[in-house]
Amino acid sequence: MIAVATSDFASLDLGSLLMQAAQVQAVPASSLTPAGWTPAWAFWILSALVVVGAISTISQRSLISAVMSLVATFFGLAGLYATLSAHFLAAIQVLVYAGAIMVLFVFVIMVLNRDEVERVSDRGLLDKAIGAGALVYLAVRLGEVIASPVGPVSRMSKPAPEFGTVAKIGEYFFTEFLFPFEAISILLIIAVIGAVVVARTVVSRPTTSYEVPNAASGSAEGGDDHAGGDAHGAHGGH
Amino acid sequence: MTFDTSDLVASLPLLFLTVAGIVLLLLDAFSRVVLVGREHHLKLPAETSEAVAVPPPGSRNYLMPVTLLFLLGALAIIVWQVGTLPETSVTIYRGMLVVDRFGLFVIGVCVAAAALGIVSAPAYMRAHKMEFGEFYALVVFALCGMIILVQAADLVSVFLGIETMSLGAYVLTGSWRRSARSSEAAMKYFLVGAFVSGLLVYGIALIYGVTETTSLIDIKRIAMSRGAAPLFYIGWMLLLVGFAFKLGVVPFHMWAPDTYDGAPTPVSGFMMSCIKAAGFAGLIRLLQGTLPMLARDPFTGWTFVLSWLAVLSMSLGNLAAIKQDNIKRMLAYSSISHAGYLMVGVVALGTVGDAARGPLLFYLASYALTVVASMGVVSWVGCDERGEERVRLSDWAGLGKREPMAALLMTIALLSLGGFPPTAGFFGKFYLFQAALGESKLLWLILVAIANSLVSVYYYLRVITAMYFREPAPNPATLPIQSTAMKVGVLVSTLLVLAMGMFPGWLSALCAAAKF
């Protein structure tokens with residue numbers, strides 16, 4: 001997305017993105033594209049991967065399979081970014097989305113351990129009407145793009161070839177955006193401390209009142225609470 | 001060369017407080033003493049419990065004084081910077097931050113309010129068995145976020161500042177782990193806040209898409225020369241909604257009563273005073289500093305939008321406050337209505353221009369100090385034997401006899417909130433309405449504001465009558481918190497409120513000099 005620097009923001013939509021992606025011959029062949037393929041072929045193969053993965057994500061009955069399909073989608077997207085010379089974004093896409101976020105998804109699914117959710121498509125008429133409307137809109141916009149010989153791409157200014165590369169983004173981090181790059185560490189430190197503070201004290205029974213346990217009832221438990229986040233909550237009922 | 005060392009000097013308050021926060025964290029981590037207040041749920045074998053389970057009181061009591069020293073140091077730096085500042089504003093870090101008197105004034109207010117607020121924190125946390133050392137570091141880091149927001153000259157810094165400030169506030173709100181209400185408050189605040197962050201980023205992205213820049217100066221130049229595209233309107237409206245959420249302005253206020261009510265009282269005071277001040281400063285920089293040309297459009301201009309937000313906020317806040325029996329919740333609704341009065345000031349900025357900025361800053365400062373004072377008294381009144389806060393009106397009955405000092409200081413703070421003459425609140429409203437009257441079109445808005453402040457007198461006086469003229473419950477199980485630091489903090493902030501009301505000249509001169 002950041003590869004598209006345009007003065008006419010209204011033209012930035014799905015169609016223009018697709019057209020720009022389809023006309024990547026002008027972009028120098030990137031190092032991430034396998035040799036021998038033309039980038040246009042790469043586009044069609046990668047977008048097929050994205051679409052098939054997305055359809056599979058919403059149609060799989062097994063949650064883990066759905067997540068794995070999503071991983072395929074993310075890899076396809078990363079490949080598309082790479083052909084658009086947004087190498088940094090491609091790497092981040094793989095590292096963060098296909099890697100970290102998906103691991104989180106898998107963890108959540110395994111922790112919840114629910115085989116199958118009920119079908120969500122059996123909703124009211126309004127939902128279906130909204131969905132149908134969105135589908136019609138998408139079809140019309142796609143049709144416009146496919147029907148027009150040039151598409152809205154011509155109105156966009158092409159970014160410089162190195163725009164979006166790792167080197168260029170690194171340069172920005174240490175020149176123009178040095179302050180946000182450094183100051184975000186304050187944000188991260190708050191996030192880490194906050195996570196510790198919120199997770200530390202185990203509240204076995206949330207209550208607005210506070211009771212002081214006397215020494216006799218505490219003796220059975222052993223001195224464990226001062227260590228902070230411990231297994232106290234596992235006892236549950238006390 | 002990315003920057004020179006003068007940038008570092010110019011951003012000294014931010015750097016100083018960042019270092020202070022890290023030092024506080026290290027102090028907390030490396031002083032290996034069992035926290036005071038923890039001893040009650042520290043379970044040990046019965047035979048040793050008496051000897052070990054109660055550590056000497058005050059084990060880590062030095063954290064608050066150290067924080068206070070750091071905050072006073074930051075205030076000194078700010079005062080020094082104001083003295084040495086050139087007439088024009090200085091942009092540092094490649095246009096990411098701007099140092100000017102306006103920003104330094106608001107930062108000074110935030111730091112002072114935080115300093116006066118944290119003195120009541122140790123006693124409060126001990127009484128409610130929630131003491132934890134990271135509290136002070138979190139407050140200081142949240143202040144860093146406020147500094148970034150107030151001094152932001154770029155939408156990237158605006159967002160970074162808002163997020164840093166809010167993240168600190170989320171954690172502080174939920175830090176009273178034994179109170180279900182605190183967790184509920186933090187959860188609501190966090191979910192709304194996360195949603196609002198999405199709106200903010202969306203707005204920033206749209207503005208960037210139209211103007212191809214995030215720098216506020218460049219955005220102003222481009223919007224001036226090219227006129228605003230439709231997407232640009234959507235962009236800044238989204239930003240406006242984001243700010244309105246953060247400031248708790250009706251109709252984006254739903255989180256505010258629960259959050260201010262459920263959070264630990266010193267944290268509520270911190271949020272109502274500092275976050276409000278920093279948020280309004282960011283809004284003023286965005287609207288008056290960047291988009292002055294969009295102010296006066298008949299229906300899409302921001303003065304039109306904000307005047308309706310102001311009317312809604314004042315009216316709904318006051319009406320809801322009337323029927324509150326819980327004093328903390330009443331103050332939360334009162335904070336919503338005060339956000340409305342402040343919005344009147346922002347509207348006046350759009351119509352009469354720079355003349356309204358001084359009064360608006362005066363109002364911000366007076367409100368921040370008054371809130372700190374009133375929340376200090378709410379902490380002071382303490383908790384019952386079950387550890388619950390005594391915030392019901394019936395709990396406060398007869399406070400004038402039991403704790404005459406607390407009742408007197410609360411009376412002054414409430415009179416200031418209601419806008420009575422010898423206090424800061426009176427001159428805050430007086431200057432603000434006077435400045436807004438420079439434009440006759442705003443007369444209706446002023447009338448609504450005055451009618452609202454008359455309504456608000458009812459519920460402020462209700463607390464005062466309860467304190468002085470109602471008999472206490474037959475068996476008052478109240479346990480007021482006895483803490484010298486807390487009393488001194490409340491006393492100092494109340495004296496400042498009185499001083500601002502009796503000698504408003506010095507502060508209003510300072511406010512008038514606080515230019516962009």
Side-chain angles (χ1 to χ4, degrees), chain A residues 1-2 4-12 157 171 174-228 232 238, chain B residues 2-3 11 14 18 21-22 25 34 38 40-46 49-50 52-53 92-97 128-130 132 134-135 137-138 141-142 144-145 148 154 156-157 160-161 163-164 167-168 170-171 174-175 177-181 183 186 206 209-210 212 229-231 386-388:
Chain A
M1 200 79 69
I2 58 167
V4 189
T6 167
S7 56
D8 185 6
F9 198 74
S11 70
L12 180 63
S157 54
E171 193 186 315
F174 288 100
T175 55
E176 203 146 328
F177 293 94
L178 179 69
F179 174 73
F181 182 65
E182 296 287 345
I184 208 159
S185 54
I186 305 177
L187 183 74
L188 292 179
I189 204 171
I190 286 199
V192 172
I193 305 166
V196 171
V197 167
V198 170
R200 181 174 48 197
T201 318
V202 176
V203 185
S204 51
R205 185 180 46 179
T207 166
T208 50
S209 68
Y210 176 76
E211 291 152 299
V212 181
N214 57 31
S217 73
S219 61
E221 302 276 344
D224 56 356
D225 216 359
H226 62 284
H232 214 91
H238 95 105
Chain B
T2 55
F3 62 91
S11 64
L14 176 61
T18 313
I22 294 167
L25 269 185
V34 177
R38 276 286 162 74
H40 294 295
H41 48 103
L42 202 147
K43 297 181 187 66
L44 288 160
S49 65
E50 276 311 300
V52 187
I92 54 172
Y93 295 130
R94 293 218 170 180
M96 284 293 158
L97 294 185
H128 292 277
K129 276 94 183 172
M130 54 163 287
F132 65 109
E134 293 89 348
F135 177 87
L138 282 171
F141 282 132
C144 292
I148 297 174
D154 192 292
V156 175
S157 325
L160 192 59
E163 285 307 295
T164 309
L167 211 54
Y170 303 147
V171 177
S175 60
R177 300 287 289 122
R178 284 179 179 272
S179 159
R181 269 178 40 240
S183 301
L206 288 179
V210 174
E212 292 185 48
L231 276 175
R386 283 179 305 153
E388 284 186 51

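Lettering follows sequence order; numbering is per chain, from 1. None of these values were measured; they are calculated from a predicted model.
The line from CZ of A:Phe177 to CG of B:Asp154 is 6.5 Å long, rounded to the nearest 0.5 Å. Note that CD of A:Glu182 and OG1 of B:Thr18 are 11.0 Å apart. Values are rounded to the nearest 0.5 Å. Note: A:Thr175 OG1 to B:Arg94 CZ = 5.0 Å, rounded to the nearest 0.5 Å.
There is no contact between B:Ile92 and chain A, counting heavy-atom distances below 4.5 Å.
When all heavy atoms of B:Arg177 and A:Val198 are compared, the pair lying nearest together is NE-O, 2.7 Å. The shortest heavy-atom contact between B:Ile148 and A:Ala183 is CD1-CB, 4.0 Å.
In this structure, B:Leu14 and A:Phe179 have side chains that are in contact, with non-hydrogen atoms separated by less than 4.5 Å. You'll find the side chain of B:Leu167 reaches within 4.5 Å of the side chain of A:Leu187, heavy atoms only.
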Can you list the steps and then say if B:Leu25 with A:Ile189 is a side-chain contact (heavy atoms from CB on, under 4.5 Å)?
CA-CA 10 Å; B:Leu25 269 185; A:Ile189 204 171; 4.0 Å; yes

Which is it for A:Ile190 and B:Thr164 under the side-chain contact (heavy atoms from CB on, under 4.5 Å) test, yes or no, and what are the steps along the way?
CA-CA 7 Å; A:Ile190 286 199; B:Thr164 309; 3.9 Å; yes

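When each of B:Ile22, B:Val156, B:Leu160 is checked for heavy-atom pairs under 4.5 Å with chain A, B:Leu160 comes out on top.
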